[in-house]
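All of these numbers come straight from a predicted model, not from anything done at the bench.
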Amino acid sequence: MLGKQFNASSTAAEVLEGVDLTGRRAVVTGASSGIGVETARVLATAGADVTMAVRNLDAGHRVAEELRASLGTDAGQLQVAHLDLADLGTVRGFASAWSGPLHILVNNAGVMAPPTLTRSPQGWETQFATNHMGHFALARQLHGALAAANGARIVSVASIGHLFSPVVFDDLHYRFRPYDPWTSYGQSKCANVLFAVGAAQRWAEDGITANALMPGNIGETALARHIPSVVLAAIVSGNSGFALPTPKTIPQGAATSVMVAASPLVEGVSGRYFEDCAEALVVPDREGRTGGVAAYALDQDNASRLWDISEELLKLDV
């Protein structure tokens with residue numbers, strides 16, 4: 001098992017203690033709140049120059065100023081750039097403005113469980129559009145920069161929610177089945193894992209590795225903005241009927257992200273799924289599980305099929 005030096009209680013700062021990222025460049029999506037902020041902070045503390053890719057520029061600049069005030073003199077630079085994953089025009093704009101190599105891409109932003117069915121301008125179900133298609137398009141368009149880094153890492157922040165549903169290829173956008181906020185979330189998180197598997201397959205010769213992860217059970221983030229506070233409290237505490245692991249703090253929640261992004265423990269490792277700073281076990285079912293990864297989320301045929309479908313969807317968005 002990889003990463004056994006750390007565990008569910010480890011913090012992001014502990015995981016990267018002693019790691020020098022000077023000269024490395026990173027992008028963290030969703031870096032204006034939650035574990036995205038902590039991921040950006042710890043990467044910058046280790047010396048990386050970090051671009052905080054955010055939907056709300058005012059919030060992004062405010063957070064960046066707060067972080068700069070707390071960083072040491074050896075820290076990397078922080079920049080803020082606009083990126084709305086639901087708007088592929090901003091994805092293209094972000095990628096076209098990028099110059100030079102990109103060593104670390106952390107696909108962290110996301111949306112969780114909108115109560116009613118909503119769609120992107122392309123007609124895609126919102127969670128699939130934002131959590132998967134936005135990040136897929138971003139990584140595709142930054143592929144040249146990643147390849148130029150000669151050893152780039154892609155971090156795909158997924159969730160235990162992938163156990164709620166596989167990718168339903170025959171009805172990705174809920175045109176036939178009744179909409180459910182949790183199966184749609186699960187499908188999008190499964191797609192995040194399959195993207196990492198697909199990128200590991202296709203981009204290995206470019207020196208790019210890609211891995212997915214479950215950050216943990218973290219209630220204090222903007223990801224849960226669509227969930228009523230009473231319901232969220234019940235989910236986080238384990239009183240909702242959902243089987244979830246023990247709650248984590250934000251520094252603990254960012255630990256697996258930064259491990260996959262920059263720790264020497266996972267050098268050369270690709271196409272895997274991590275949780276609690278270790279590679280997850282494959283589980284045969286969902287019932288009562290508080291961790292693990294479904295075989296369908298690591299299946300190479302599923303990954304190839306999703307990649308091809310995603311490419312075709314992007315071709316239609318012209």
Side-chain angles (χ1 to χ4, degrees), residues 1-4 7-9 110-115 125 127-128 131-132 155-174 176-198 200-201 210-219 223-224 227 231-248 252-253 255-257 260 269-307 309:
M1 295 292 291
L2 294 166
K4 275 299 183 183
N7 55 42
S9 299
V111 61
M112 181 170 70
E125 187 275 320
Q127 294 188 84
F128 185 83
N131 297 347
H132 170 62
V155 181
S156 188
V157 179
S159 169
I160 191 176
H162 83 275
L163 299 180
F164 297 164
S165 176
V167 173
V168 181
F169 290 103
D170 291 328
D171 192 21
L172 291 172
H173 307 297
Y174 287 81
F176 296 94
R177 53 188 168 136
Y179 175 75
D180 177 85
W182 290 109
T183 60
S184 60
Y185 179 68
Q187 173 176 255
S188 73
K189 294 290 101 178
C190 182
N192 291 156
V193 185
L194 288 172
F195 164 72
V197 174
Q201 289 175 336
N211 292 287
L213 64 98
M214 157 65 169
N217 176 12
I218 311 151
L223 179 65
I227 303 173
V231 175
L232 178 63
I235 290 173
V236 173
S237 65
N239 296 317
S240 65
F242 287 104
L244 289 175
T246 302
K248 288 184 178 183
Q252 291 170 336
T256 308
S257 291
V260 173
V269 176
S270 198
R272 313 283 183 87
Y273 176 90
F274 290 80
E275 60 189 5
D276 297 338
C277 297
E279 188 177 353
L281 295 172
V282 175
V283 296
D285 52 40
R286 169 186 159 193
E287 187 66 29
R289 303 286 180 186
T290 59
V293 58
Y296 57 69
L298 297 175
D299 185 88
Q300 294 190 356
D301 290 337
N302 287 345
S304 293
R305 185 178 182 186
L306 178 63
W307 193 287
I309 288 171

- request: In sequence, state the C-alpha distance, the side-chain angles, and the governing distance for Leu281 and Val293, and then conclude on side chain to side chain contact (heavy atoms under 4.5 Å, CB included).
  value: CA-CA 6 Å; Leu281 295 172; Val293 58; over 6 Å; no
message: Walk me through whether Trp182 and Met112 qualify under side chain to side chain contact (heavy atoms under 4.5 Å, CB included).
response: CA-CA 8 Å; Trp182 290 109; Met112 181 170 70; 3.9 Å; yes
Worked verdict on Phe169 versus Leu306 for side chain to side chain contact (heavy atoms under 4.5 Å, CB included): CA-CA 8 Å; Phe169 290 103; Leu306 178 63; 3.9 Å; yes
- request: Could you go through the side chain to side chain contact (heavy atoms under 4.5 Å, CB included) check for Val168 and Phe176 one step at a time?
  value: CA-CA 11 Å; Val168 181; Phe176 296 94; over 6 Å; no
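Judged purely by atom type and a 3.5 angstrom limit, Glu275 uses its side chain to pair as donor or acceptor with the backbone of Gly292. At distances below 3.5 Å, not a single donor-acceptor pair connects side-chain atoms of Glu125 with backbone N or O atoms of Leu172. Of the possible donor and acceptor atoms, one in the side chain of Asn211 sits under 3.5 Å from a partner among the backbone N and O of Gly271. Between the side chain of Ser156 and the backbone N or O of Val193, no donor-acceptor pair lies under 3.5 Å.
In terms of the side-chain hydrogen bond (donor to acceptor under 3.5 Å, both in side chains) criterion, Thr290 has no residue partners (sequence neighbours excluded). With sequence neighbours excluded, the residues satisfying side-chain hydrogen bond (donor to acceptor under 3.5 Å, both in side chains) with Gln252 are Thr249. With sequence neighbours excluded, the residues forming a side-chain hydrogen bond (donor to acceptor under 3.5 Å, both in side chains) with Ser188 are Asn131, listed by chain and number. Legend: residues meeting salt bridge (Lys or Arg N to Asp or Glu O under 4.0 Å) with Asp285, ordered by chain and number and at least two apart, are Arg289.
Within the 4.5 Å cutoff, no side-chain heavy atoms of Val260 are placed close to those of Arg272.
What you find for Ala255 and Cys277 is that their closest heavy atoms are CB-SG, 3.8 Å. Heavy atoms only, all atoms of each residue included: Tyr273 and Met214 are closest at OH-CB, 3.1 Å. Heavy atoms only, all atoms of each residue included: Ala210 and Ala196 are closest at CB-O, 3.6 Å. Closest of all the heavy-atom pairs between Lys189 and Val157 is NZ-O, 3.1 Å. When all heavy atoms of Asp276 and Lys248 are compared, the pair lying nearest together is OD1-NZ, 2.8 Å.
By the 30° and 60° cut-offs, the orientation of the rings of His132 relative to Phe128 is tilted.
Within the structure, every pair that satisfies the salt bridge (Lys or Arg N to Asp or Glu O under 4.0 Å) test and touches residues 158-173, not counting sequence neighbours, is listed here: Asp170-Arg305, Asp171-Arg177.
Note: Leu194 CG to Tyr296 OH = 9.5 Å, rounded to the nearest 0.5 Å. Note that CD of Gln127 and OH of Tyr179 are 4.5 Å apart. Values are rounded to the nearest 0.5 Å. Distance CG/Leu213 to OG1/Thr256: 6.0 Å, rounded to 0.5 Å.
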Tell me which donor-acceptor pairs under 3.5 Å the side chains of residues 158-165 have, and how far apart each pair is, sequence neighbours excluded?
from	atom 1	to	atom 2	distance (Å)
Ser159	OG	Gly161	N	2.8
His162	ND1	Ser159	O	2.8
His162	NE2	Ala294	N	3.0

